[in-house]
Amino acid sequence: MNTISIGVGMFLLTVGVFFAAKKFAVKYKNPILNPTLTTTIIIIIILVSLNIPYETYMDGGKWLHELLGPTVVALAFPLYKYKELLLKYFQPVLVSIFLAVTLNLITVYIILNLLGYTKEMIFTALPKSITTAVAVQIAGQIGGIPSLTAVFVMIAGFTGAIIGPYLLKIFKFDHTIARGMAFGNASHAIGTAKAFEDNLETGSISSAGMILSAILSSFLIPFLVWILF
Amino acid sequence: MKFIKFILQMLLITFFYIIGEVLQNIFRLSIPGSIIGLILLFLFLSSKILPETWVNQGANFLLSLMPLFLVPATVGVMNYFHIFHGKGILLIMGIIVSTCIVFVASAFVCEKLGKTTFKEKEKHLA
């Protein structure tokens, strides 16, 4: 088989598995059934059992991967839509995002240092609380391993979606902005999906938190790396 | 006709992405080109230079498929399974702990500031 037909095959496989996984996720509403996660697991199982290396998979996978860039740009649209809501809560939103982004960087840096991980691993984990599309680009930029960053981003996402609601209950956070910013800042899109279960306003604030923390991180992370290493 | 509009919208968004990448390359910026494109598109929309009806459908379509576009990157973990053996469990726990700290802190400041902001507004109204 030539590269083109392998590429087309891998492309169709990914799209097919994804839409099946999505249908499944809609049917059984459980955050564990996140379509990206289930599709990833199924595709890895297929590749490993057929002895197909990742590089071969990417012959087709790269066509989908290339669309991440324009998709990040498309986030400008919801951000524009939520502008009024953000201006209404300007001060808490701004402080919360600054705090979230700095705390994320500090805690990742300290924890990985204590565990004795290398510089490369710290670079890989630093963008873990921002939306995957941006996180993998930042990781690539600063010399981390983008594929591994994507996995850390997933872990951060599920932490917020699964443990988050308990944290909100324990600390008695009942303010719409508080709940929205927590999901968006810490757990990006996966958290945002959970925030929309609260109501539309919590979800919108979470989306804005996700986008703004991604923008701020993309400025701060390279700067921090430049200073510290 | 609708389909053509749709394609044109996506091309316009991709155009902003390319501009972002070009600017990043020219000025050797450390911010990803996609984020520069995002900021530019946001500024164009906010200043009404670009009407939102020129990008709304294309943007919503791309965003609805974002989880699909992420799959090729996440599949890449198959080359790094060894990292999660042994000490890797601690690494995962560390990521979870860090995320919980960020989560609680984000909500905490809003809960505090949010309330004062509202009170101030109430006072203002009174």
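All values below come from the heavy atoms of this structure, side chains included, with hydrogens, waters and symmetry mates left out. Every chain is numbered from 1, with letters handed out A, B, ... down the list of sequences.
In this structure, chain B has heavy atoms under 4.5 Å from both the backbone and the side chain of A/Ile215. Of the atoms belonging to A/Ile142, not a single heavy atom falls under 4.5 Å from chain B. Proximity to chain A (any heavy atom under 4.5 Å) is shown, for B/Phe108, by both the backbone and the side chain. With a 4.5 angstrom heavy-atom cutoff, A/Phe171 touches chain B only via side-chain atoms. With a 4.5 Å cut-off on non-hydrogen atoms, A/Leu64 touches chain B through its backbone and its side chain both. The parts of A/Leu67 that come within reach of chain B are both its backbone and its side chain, each placing non-hydrogen atoms under 4.5 angstrom from that chain. Contacts of B/Ile39 with chain A are made by side-chain atoms alone, with heavy-atom separations under 4.5 Å and no backbone atom involved. With a 4.5 Å cut-off on non-hydrogen atoms, A/Leu75 touches chain B through its backbone and its side chain both. Looking at B/Val75, the atoms closer than 4.5 Å to chain A (heavy atoms on both sides) sit in the backbone and in the side chain alike. With a 4.5 angstrom heavy-atom cutoff, A/Tyr57 touches chain B only via side-chain atoms. Using a 4.5 Å cut-off between heavy atoms, A/Leu167 touches chain B through its side chain atoms alone. Contacts between A/Ile211 and chain B at a heavy-atom distance below 4.5 Å involve the side chain alone, from C-beta outward. When heavy atoms are compared at a cutoff of 4.5 Å, B/Leu65 approaches chain A solely by way of its side chain, counted from C-beta outward. Only the side chain of A/Thr131 comes within contact range of chain B, with heavy atoms under 4.5 Å apart. Residue A/Met58 touches chain B through its side chain alone, counting heavy-atom pairs closer than 4.5 Å.
In summary, B/Glu52 and A/Lys81 engage in a salt bridge, as defined by a charged side-chain N under 4.0 Å from a carboxylate O.
Enclosure of atom CH2 in A/Trp63 by more than 12 non-hydrogen atoms of other residues, nucleotides or ligands within 6.0 angstrom is indicated.
Between A/Phe183 and B/Phe103, the gap from one ring centroid to the other is short of 6.0 Å.
Across B/Ala105, B/Cys100, B/Ser98, B/Gly37, the residue that shares the most heavy-atom pairs under 4.5 angstrom with chain A is B/Ser98.
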